[in-house]
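Owing to the predicted nature of the structure, the values given are computational and were not obtained by experimental measurement. Values below: all heavy atoms of this structure, side chains included; hydrogens, waters and symmetry mates excluded.
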Amino acid sequence: IRKMAVVQLISVLLSFALAGLAQCSCPAGFEEISSCCYYFSSDHGVKDTWSNARDYCQELGDLLGGTVNLAEVGYNTGCNDDMLMVTVSSKASGVGTWFGAKDDEEEDHWVWQQSGKSFSLTSNMWWYDEPDHVSGYSNCLHAYTGYPGGQHRAYFGDKQCNNVIEFVCQ
């Protein structure tokens, strides 16, 4: 466990405890969207690489006594994926937001890391020319709001995993 991440997590949890619990079934610090709970790092000024973001989510889950990972979409019928993407768009700083899929084992075979399920290239959540394989090693999934004409919701693209950007835990 990275010392800085633990300090950040404890600080975040303490601020939530002092603020009181939200009026939903989600843990403090998480936002409920259509019965699913999300932690938006943008609300807390936290950015990191894909791997460190995943570790952050998992450490947050450990502190809460539950399973938390980078967010996944496309298969949980209880969650409103479109509403999540609109919310990401409203919260994002414009650089991108990590989600929990990668295609590092097989190019163009995107796999959600928590559930192990595939994420289809035919999903309408991808921007029309993504994934674009920039530099051949853009293997991590990010949602981006800066695509021309895509201002009202975020769309997925591939990004180099070592970029430091915001993330969403679920």
Side-chain angles (χ1 to χ4, degrees), residues 24-27 29-43 46-61 64 66-134 136-170:
C24 65
S25 60
C26 296
F30 283 70
E31 186 173 326
E32 184 175 356
I33 300 174
S34 301
S35 302
C36 293
C37 301
Y38 300 98
Y39 173 93
F40 294 92
S41 75
S42 58
D43 289 346
V46 180
K47 297 179 181 182
D48 220 323
T49 64
W50 190 93
S51 287
N52 289 343
R54 182 177 184 203
D55 290 347
Y56 186 98
C57 293
Q58 291 172 338
E59 291 168 3
L60 184 56
L64 294 171
T67 301
V68 178
N69 212 322
L70 286 171
E72 300 185 1
V73 300
Y75 68 89
N76 186 340
T77 56
C79 298
N80 184 334
D81 297 336
D82 286 330
M83 186 53 130
L84 172 61
M85 299 308 276
V86 169
T87 304
V88 167
S89 179
S90 71
K91 293 178 176 282
S93 66
V95 178
T97 303
W98 291 130
F99 275 73
K102 295 176 84 176
D103 78 338
D104 58 343
E105 291 186 23
E106 180 184 340
E107 192 65 36
D108 283 340
H109 181 237
W110 290 86
V111 177
W112 294 112
Q113 300 301 291
Q114 176 67 28
S115 68
K117 296 183 183 222
S118 294
F119 182 57
S120 174
L121 290 175
T122 61
S123 170
N124 69 351
M125 300 184 104
W126 289 100
W127 185 245
Y128 80 94
D129 64 349
E130 292 285 348
D132 62 6
H133 317 292
V134 172
Y137 57 98
S138 296
N139 294 319
C140 291
L141 185 70
H142 85 294
Y144 182 59
T145 59
Y147 294 115
Q151 311 85 316
H152 301 294
R153 66 165 267 195
Y155 289 89
F156 287 130
D158 57 343
K159 194 170 190 75
Q160 294 176 13
C161 302
N162 62 352
N163 281 274
V164 175
I165 62 175
E166 296 160 347
F167 53 93
V168 179
C169 303
Q170 179 180 15

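What you find for Val95 and Ile165 is that their closest heavy atoms are CG1-CG2, 3.3 Å. Listed here is the closest heavy atom pair of Glu32 and Ser25: OE1-N, 3.7 Å. In terms of heavy atoms, Ser138 sits closest to Asp103 at O-OD1, 3.9 Å. Nearest heavy atoms, Ala154 versus Val88: CB-CG1, 3.9 Å. In terms of heavy atoms, Pro131 sits closest to Asp108 at CG-OD1, 3.6 Å. Shortest non-hydrogen contact noted between Phe99 and Val73 is CE2-CG1, 4.1 Å.
Of the inter-residue distances, the one linking Glu59 atom CD with Leu64 atom CG reads 12.0 Å to the nearest 0.5 angstrom. To the nearest 0.5 Å, atom CG of residue Leu60 and atom OG1 of residue Thr67 are 11.5 Å apart.
Ser41 places a side-chain N or O within 3.5 Å of a backbone atom of Val46 that can act as its donor or acceptor partner. Looking only at distances, a side-chain donor or acceptor of Asp158 sits under 3.5 Å from a matching main-chain atom of Asp132. Between the side chain of Trp50 and the backbone N or O of Phe167 there is no donor-acceptor pair closer than 3.5 Å. The closest donor-acceptor contact from the side chain of Glu72 to the backbone of Leu70 lies at 3.5 Å or more, if one exists at all. Side chain of Ser89 to backbone of Met85: no donor-acceptor contact under 3.5 angstrom is found.
With Trp98 as reference, Asn163 is the one residue of Val164, Asp48, Asn163, Asn52 to meet the side chain to side chain contact (heavy atoms under 4.5 Å, CB included) rule.
Tyr39 and Tyr56 have tilted rings, their planes meeting at an angle from 30° to 60° on a 0 to 90° scale.
At a threshold of 4.5 Å between non-hydrogen side-chain atoms, the residues Tyr38 and Cys79 count as touching. Glu130 is not listed as a side-chain neighbour of Tyr155, based on a closest heavy-atom distance of 4.5 Å or more. No side-chain heavy atom of Val111 sits under 4.5 Å from any side-chain heavy atom of Lys102.
Proximity of the aromatic rings of Phe119 and Trp110 is defined here by a centroid distance below 6.0 angstrom, and this criterion is not met.
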